[in-house]
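All remarks here apply to the structure that follows.
Only a predicted model underlies this, so the values are computations on that prediction, with no experimental measurement involved.
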Amino acid sequence: MKRYILPILFLLPLSSCEEFLEEKMVSTITQDYFETEKGAEELVVASYNTLRWKYGFMEGPYLFETGTDLTEPTDNNWATISPAVWAPTGEAGSYANNLMGYYATQVLGGYPIINDCNKAIEIISVKKPGKFAADQTYADSRLSEVYFLRAYTYYMLVTQLGDVPMPLKGNNSMPAAFNFPKSTSEQIYRQLISDLRFAHDHLPVSQTERGRITKGATAHLLAKLYLQRAQAQDFGQYRNADGTVNPSDPNAYLGLLYKGKVSTDLDSSRIFATEVIEAYSASNGGQFGGLASDFWDLFKTARGDWSNESNSEIILQASYGNNLDNGRYGMRTTAAFTCDYTNAAWNLPSKTWAYGLRKGTGFLPTDWGYDVFTDKINDSRYEKSFQIEYVSASFDNNTLQDGPGLAYTDPNNKSLAWTAEETAYFNTKILPGYKRSSWAARPAVAGQRKIGQGDLGLVFLENTKETAIDYLEAVSQPYVLYPRWVKKDGQYLYRKTGVDRLSSNTGLLLGRTLRPSSRKFVDPNRSTVDNHFGTRDVAIFRLAETYLIRAEVYGRQGNIGAAINDINVLRARAAYKTGEKRAEVLARIYPGSEALVKAEKVFPYEVATDTYSKIKVDASYWDGGSAKSKLENYPTEANTALKRFVHFIYNEYSREFNSEQILYEGIHHAGIQLERVLHHNQLASPKAGNWPVADNPVNGNGQNGNGKGVFSAKDTFKPFPQAYINMLTDEKGTALTGEALRTYQNPGYN
């Protein structure tokens, strides 16, 4: 309980500096200290820890990536939404508890931070120590920061749990009763919008300390909240007259999404989004500079380089000091999305700076997470989001740190050896046009190792059953190729690792850790190559999202032309530019590469012409009948142009923000999470016959066309942790029982 009642103070610098974090023990600080000017300022800074909650530990991706159609945990119980974990007493309840912070082992839980915010608001508004009394502009600015941080914390809680308690006053002692009645989402959003409007009016456009809340960050969050309230405005029918929801109603989850109905919400969202776009967009004369010119500029980094953290597109970030010894205070997201790339067969070193941790630690894309990129050849975000090629060991310490590079003739080289059949195929059908510089046009020799220093070692091909690659073509590449679909002897094989002659199957529910993984959070600035904690800042709000927020508003208001214009701002950036280089596997093997001009299909695979015209969006993308519309793979519930348009927006979110823990919020508040998960996420979905069927299922696992999970309406919200539920009392301190407990818990979890 002390974690809930007393403020937890960490001094977090808001700009990159050598001294990253100083911890002060709560027990040594009296309440009077916080009522000084210095103490109040530190209390404000401590509240910034809420921005790091998603990224500091693994609870973030478990709560904000699981339950989407893009991502599946490599833990099968989580991936299939097993009741063993998705329950008040399971890990889902435990992680929800850590988000709340009542019994959390981490100190970054929501309610301890809310309590810090409440105390800071009271001190700044009432006690007004020192400069807070002498300088009203300064006081209002600091108060606005705290209003934002409290609003952001409540936003995370509402997103995961729906109606939650909303204390607005600080606590300094044990309460007489553990009476925490819930406020409705409507009440909470009304409070958040009010607080953020104050903050917007009193915050500066820019701050001298990078990381502090600005007017732009506040306007961006306001645009999101106004849009989300409008998205759910028709769900009020699933609320009772007193604002509660009926736990027995199968549509109770929609009732929990209801946040009120205000006729001007879409206009308000558009106005605030436009303000941000005009302030940040270079084309509009804004002072910040607009979108990153290259999507990869947002994520690229090198040893000793953190320059991407100050990219002009970033509106708000979770700040981490550039300290290689951050330890448990570092950014854990660097460990969340990496696949296991270690194996002697492709001659990669066991651990590298360039490719992140050597073993996957939790999350990889679903098949739809790759297929949502409907034009992988011309939309550079696919290659720039996922590691689809790995280079074998070299001596470059800035890239592949460990292990000496091995020549393909070196007796210590353990990479895959050529067979006679592969040798004949490669030498006659691939080698004549294969001019990769590291290969030096050498012919294959049966029994010789395929992969030498600087060669491609491990390569992924995310194709479809319709575009399955022939088995012999796959195994005859001068590297180990992992296709999703292979055709052999008239059979269609799904994720058959036999193409490297190592094992039999890595299909659904079996060995799923070897797939293209996210490149976005690889951090070469960790203290050691094995350290799970990184140093990089993480973008929370990007200008790209502001464009999509406004595009959705325009579409909902019937202004499709304006919506398309905003979407195409992102598409223009996503296109390959003339002179850029595609990955070899994209240029040579991926479906669609056959349409490239000859010069683009040979090393160094330079793009001949800007590809924007190939991916420029028009209304046919959601007309329901065109080839482009069908590629978007809309759920059956998307049976009108407007519904398909909304789903297109979140397909575009998927292409832009995969693994950034943003999509969950979007599809959840839009009320389309359930239909998207059931339609796209095979491991989570209970649907039958919704996926292509392979000829190599193993003991009921593998690709048999059926869903493997039990995701349902109740799972769109997490359960309140049972330990918390058991503590609840009424205002007199009497433990809640029966119907009171039943109605407090989220529907479906009793």
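Between the side chains of S268 and R197, no donor-acceptor pair of N or O atoms lies under 3.5 Å. Y155 and E665 are linked by a side-chain donor-acceptor pair at a separation below 3.5 angstrom, with hydrogens and angles left out of the test. At a cut-off of 3.5 Å, with distance as the only test, no side-chain donor of Y189 or Y226 sits close to an acceptor on the other residue. Side-chain contact annotation: T338 with S517, donor-acceptor N/O pair under 3.5 Å absent. No donor-acceptor contact under 3.5 angstrom links the side chains of E122 and N118, judged on distance only. Side-chain contact, Y95 with Q160: no donor N or O sits under 3.5 Å from an acceptor N or O. Remark: the H669 side chain and the K259 side chain contain an N/O donor-acceptor pair separated by less than 3.5 Å. Donor-acceptor pairing under 3.5 Å is lacking for the side chains of W306 and T301.
Qualifying side-chain hydrogen bond (donor to acceptor under 3.5 Å, both in side chains) partners for Y55, counting only residues two or more places apart in sequence or in other chains: none. Legend: residues meeting side chain to side chain contact (heavy atoms under 4.5 Å, CB included) with P204, ordered by chain and number and at least two apart, are S141, Q207. Partners of F198 under the ring-ring contact (aromatic ring centres under 6.0 Å, His included) rule, at least two apart in sequence or in another chain, are Y147, H202. Contacts of D242 classified as salt bridge (charged side-chain N to carboxylate O under 4.0 Å, His left out), with partners at least two apart in sequence or in another chain: none. Legend: residues meeting salt bridge (charged side-chain N to carboxylate O under 4.0 Å, His left out) with E656, ordered by chain and number and at least two apart, are R381, R542, R573. Not counting sequence neighbours, the partners of D163 by the salt bridge (charged side-chain N to carboxylate O under 4.0 Å, His left out) test are R239.
Taking a 6.0 Å sphere around NZ of K127, one finds it holds 12 or fewer heavy atoms contributed by other residues, nucleotides or ligands.
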